[in-house]
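Notes for the one structure printed next.
In what follows, chains are A, B, ... by sequence order, proteins preceding strands, each numbered from 1.
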Amino acid sequence: FATCDVEYYHRQQMLFLDFLQAGLVARKQSKVNWDPVDMTVLANEQVIDGRGWRSGALVEQRELTQWFLRITDYAEDLLGAIDRLDNWPDKVRTMQRNWIGRSEGLRLRFGFEPNDRLSATSVEVFTTRPDTLFGASFIALSPDHPLTAELAADDPRLDEFVAECRRHGTATETIERGEKKGYATGIHVKHPLIEGRTLPVYVANFVLMDYGTGAIFGCPAHDQRDLDFARAYGLDVIPVVLPEGADPVAFTIADEAYTGPGRIFNSALLDGLTIDEAKEKVAAILEAVTLDGGPQAVREVNYRLRDWGISRQRYWGCPIPIIHCETCGVVPVPKKDLPVILPEDVDFDRPGNPLDRHPTWKHVDCPHCGRPARRETDTMDTFVDSSWYFARFTAPDAEDPTDPQMANAWLPVDQYIGGIEHAILHLLYSRFFTRAMRKTGHLDMAEPFKGLFTQGMVTHETYQTEEGAWISPAEVIVETDGDTRIARQAETGRTVHIGSIEKMSKSRKNVVDPDEIVRTYGADTARWFMLSDSPPERDVQWTEAGIEGASRFVQRVWRLVGEARTIRERADSAQATAIDKDQLLPLLKATSRSIARVGEEIENLRFNKAVAHIYDFANAISRFTAEENCPGSLWGSKDHIQAVDAAALALVQLIAPMMPHLAETCWQELGKEGLVADAAWPEADPAYLSDDTIALPVQVNGKKRGEITVPVDADRAEVERQALSLDAVARILDGKPPKKVVVVPNRIVNVVA
RNA sequence: GCGGGCGUGGUGGAACCGGUAGACACACAGGACUUAAAAUCCUGAGGGGGUAACCCCGUGCGGGUUCGACUCCCGCCGCCCGCACCA
């Protein structure tokens, strides 16, 4: 990731200005919870009266102007296109779908009963369940709702309730306990479809201001939260959805809301409809009703996805190229004045944003009117940097952010490999950026990454002393005593506790120093070990034994190559003896098959299987490189030498992607010019990829009882005859004819007794 | 709570689209080489029973579909991950 690179930041600032011009940037003012020590915005952390404590740090509320990228403009597109990312893991696709969180519903207005406390005459709610409107028994406003503020102005107890909510509102324990708290405002609204019915208006701690309209109608019978709330405040619970087969008279809600399918009842004109039909009908009716000069209901799609706040009050990051002028307002830095460069004489000793505190940096003249003005001191989130580097990389020297021709030629990235931790943020931001950059003409495609692969992490056991201090594997000696393992601290000899296997991290100290590994075993061994055994999407457990095993294989390849060379050196004196060529077949087949299989496995990123095939291949070769194992008549013949030579070369080429250093050395050892890396991938001889005969397992009642060897594509009757003549089969049949014989050509025979 | 995934020997893991479960490797045991050790090579091994040929059981648990199920379906149990008062 090319962060903190002036050249790159220069282009990123250009891009930001292009986005600004294209209407992709928003500037929002908001009250945020702010940690002046950590310099972070803690929108969701606990705040007590504007000043509170969070992990030892002082938290305060602040008015901040923040910069946002309008990712929500692309919510629908980003969501819909997920379906077409078919080379992405389902897990990541699901995570992105959930993150965007689309829900279809109705924005619906409830008119207030006459009162003299509110300026508005109606309140708007968002619901995905308009079908349950007849089950509504209350309205709940978010503590942060503007109407709540109006009501709190002349109601000190409500004011106190709101403060209370702010204190606990979003603290994790409150959410986990799920405790529903509310305050009855005394205000009522009219039910839109039931003449004369009114609903009380509450302020409730579980209603979020930043989703929907910040207000809901509660239908306790069919929503768990509403039910909990209704039970706590003695509100009506009116079931309006009847499960299939339930008795409308006897059906009641106890302490679990019914959210399943069914037919609408207790709902006058909606009775008997399905949920979907009822939703449609309510929408249609209320769309046509006029309230306060507009329709009472509007169909609306809501997203969980928020605009992307890119403002960071930190030093490290790309400066946002904006100047604030008292006269001209927000003025973009002219492109000719870019890049805006971070000052180097900054002071981190005191809390706060060093850019803001810097004595001179932020003071500039307005590019418009020339009067003294102030630089924006926010820097961009580093996710901005990582959202488009792949596009920049297609033309790293371009004056503009990209060279569209190059970008379009190279992109999208065919195969992206990264950790699952980027499933949402980085990968979603990059998808958004690609669309945004299409709008600004920097490239022309929607999706940046065609294929995605999420690889696992390297894990290791953890070790802890009796005092609970973490110690690193390097300081520990593990002994095995039968099936128990005892770990001791090398220095003191004291036993240490062997803890769980976790992702390597500094805090747990379960880290193995890569330099150490490379020094002891070499880079190839380390690489080989990581690729063998575990499928790449899964975590690999780093073990001493595992790396030893890998190291042994490195030695083994080297020995094999040496033996192959020795055999070849006798080529001149070799006799073209008349040999039984069939004896060479296993080696020839192994060579061709290994080439085919390993290639295929690598293509599909199944490196662990590629490794297994390579082991197989090495085993096959060694049967021909030692005189005592090799069929006698072959030894030293030209055919033998040729086959061993070809096999050794193939082996070297097959390991090359995974153990490049070893492979190059072996390549030279075998007398080849140039680099393996430059050589074409070896070709499998199709003649050796198929067999003339095949071993066919024979089952009786689904249990394997024997095996027959038959020609490939053998006649069904012949296969059946041979299968039935097997001793084991005949014994079980005991003279009786089989009920049935299933012959799956070239696969299996199953005799049903 | 919602969503997704996983469960196979002592261990990491194979098994294509329903067709020989345990490839390959690690660890282990026995043997060869060696004065000895290391390294290397050979052999063995899912569990149980049997001198043996062989038999029984076996992919988290319980059912089902099928000639045949690690694989498909239904119901549980356990673990992991993501989101989470989203109306």
If you define the side chain from C-beta out and look only at heavy atoms, does anything of A/Ile253 sit under 4.5 Å from A/Tyr258? yes

Can you tell me, in whole Å, how much space there is between the C1' of B/U20 and that of B/G58? 15 Å

Which nucleotide in the list B/C85, B/G82, B/A87 gets nearest to the side chain of A/Ile216? B/A87

Distance to the ring centre below 6.0 angstrom and angle to the axis at most 45 degrees; does that hold for A/Lys180 and A/Phe206? yes

Intermediate values then yes/no, salt bridge (Lys or Arg N to Asp or Glu O under 4.0 Å), A/Asp228 and A/Arg225: CA-CA 5 Å; A/Asp228 295 343; A/Arg225 290 156 306 167; over 6 Å; no

Among B/G82, B/C67, B/A87, which is the nearest nucleotide to the side chain of A/Val742? B/C67

Given the P atoms of B/G31 and B/A37, what is the spacing between them in whole Å? 11 Å

CG of A/Leu425 versus C1' of B/G82: gap in Å, rounded? 12 Å

Pairwise P distance, B/G9 and B/G82 [rounded to whole Å]: 26 Å

Regarding B/G68, can its base be found pairing with the side chain of A/Asn750 as donor and acceptor, where the two atoms are less than 3.5 Å apart? no

Between atom CG in A/Leu305 and atom P in B/A84, what is the gap in whole Å? 12 Å

Among the candidates B/A14, B/C85, B/C41, find the nucleotide nearest to the side-chain atoms of A/Lys180. B/C85

Identify whether any heavy atom of A/Val744 sits under 4.0 Å from a base atom; if not, whether one sits that close to sugar-phosphate; answer base, sugar-phosphate or nothing. base

Taking the same atom, P, in B/C24 and in B/G46, what whole-Å distance lies between them? 13 Å

Nearest-Å distance, CE (A/Met658) to C1' (B/C24)? 13 Å

Could you please name the partner base of B/A32, counting Watson-Crick and G-U wobble pairs only when both distances are under 3.5 Å? B/U40

With P as the reference atom in both, quote the distance from B/G68 to B/A15 in angstrom, rounded to an integer. 25 Å

Just compare B/C24, B/A87, B/C41 and give me whichever is closest to any side-chain atom of A/Arg559. B/C41

If you go through the side-chain atoms of A/Arg731, does one of them form a donor-acceptor pair with the base of B/C54 closer than 3.5 Å? no

Gap in Å between the two C1' atoms, one belonging to B/C70 and one to B/G7, rounded: 11 Å

Measure from CD1 on A/Ile420 to C1' on B/C83 and round the result to the nearest Å. 13 Å

For the residue pair A/Thr72 and A/Asp307, confirm or rule out a side-chain donor-acceptor distance under 3.5 Å. yes

Hunt down the Watson-Crick or G-U wobble partner of B/A25, both distances under 3.5 Å, from any strand shown, or write none. B/U11

Nearest whole Å is fine: how far is B/G19 P from A/Leu696 CG? 14 Å

For A/Phe617 and B/C24, what is the distance between atoms CZ and P respectively, to the nearest whole Å? 16 Å

Pairing check on B/U71: which nucleotide meets the Watson-Crick or G-U wobble criteria with it, both distances under 3.5 Å? none

Could you tell me how far B/C16 sits from B/U34 if I compare only their C1' atoms? Round to whole Å. 47 Å

In Watson-Crick or G-U wobble terms, with both distances under 3.5 Å, the base opposite B/C6 is B/G78

Which base, if any, makes a Watson-Crick or G-U wobble pair with B/G1, both distances under 3.5 Å? B/C83

Using a distance-only test with no angle check, is there a side-chain donor-acceptor pair under 3.5 angstrom linking A/Gln96 and A/Asn98? no

B/C26, B/C24, B/G13: which one has an atom nearest the side-chain heavy atoms of A/Tyr615? B/C24

Is the distance between the ring centroids of A/Phe138 and A/Tyr233 less than 6.0 Å? no

Under 4.0 angstrom between A/Arg552 side-chain N/O and B/A39 OP1 or OP2: no

Take the protein atom CG of A/Asp533 and the nucleotide atom C1' of B/G22, then report the distance between them rounded to whole Å. 14 Å

Is A/Arg225 near enough to B/C86 that one of its side-chain N or O atoms lies under 4.0 angstrom from OP1 or OP2? yes

Compare the minimum distances between each of B/A87, B/G19, B/C86 and the side chain of A/Phe126, then state the nucleotide with the smallest one. B/A87

Can you see whether A/Tyr183 engages A/Thr148 through a side-chain donor-acceptor pair at a distance of less than 3.5 angstrom? no

For A/Asp236 and A/Pro220, the nearest pair of non-hydrogen atoms, with its separation, is O-CG, 3.4 Å

P gap between B/G18 and B/A23, integer Å: 23 Å

Counting side-chain heavy atoms from C-beta on, which of B/C86, B/G12, B/G19 comes nearest to A/Ser534? B/G12

Distance in angstrom units between A/Arg747 CZ and B/G19 C1', rounded: 6 Å

Examine B/A14: is either OP1 or OP2 under 4.0 Å from a nitrogen or oxygen in the side chain of A/Asn608? Give yes or no. yes

Any N or O donor-acceptor pair under 3.5 Å from the base of B/C24 to the side chain of A/Lys609? no

Among B/A23, B/A25, B/U20, the one nearest any side-chain atom of A/Ile748 is B/U20

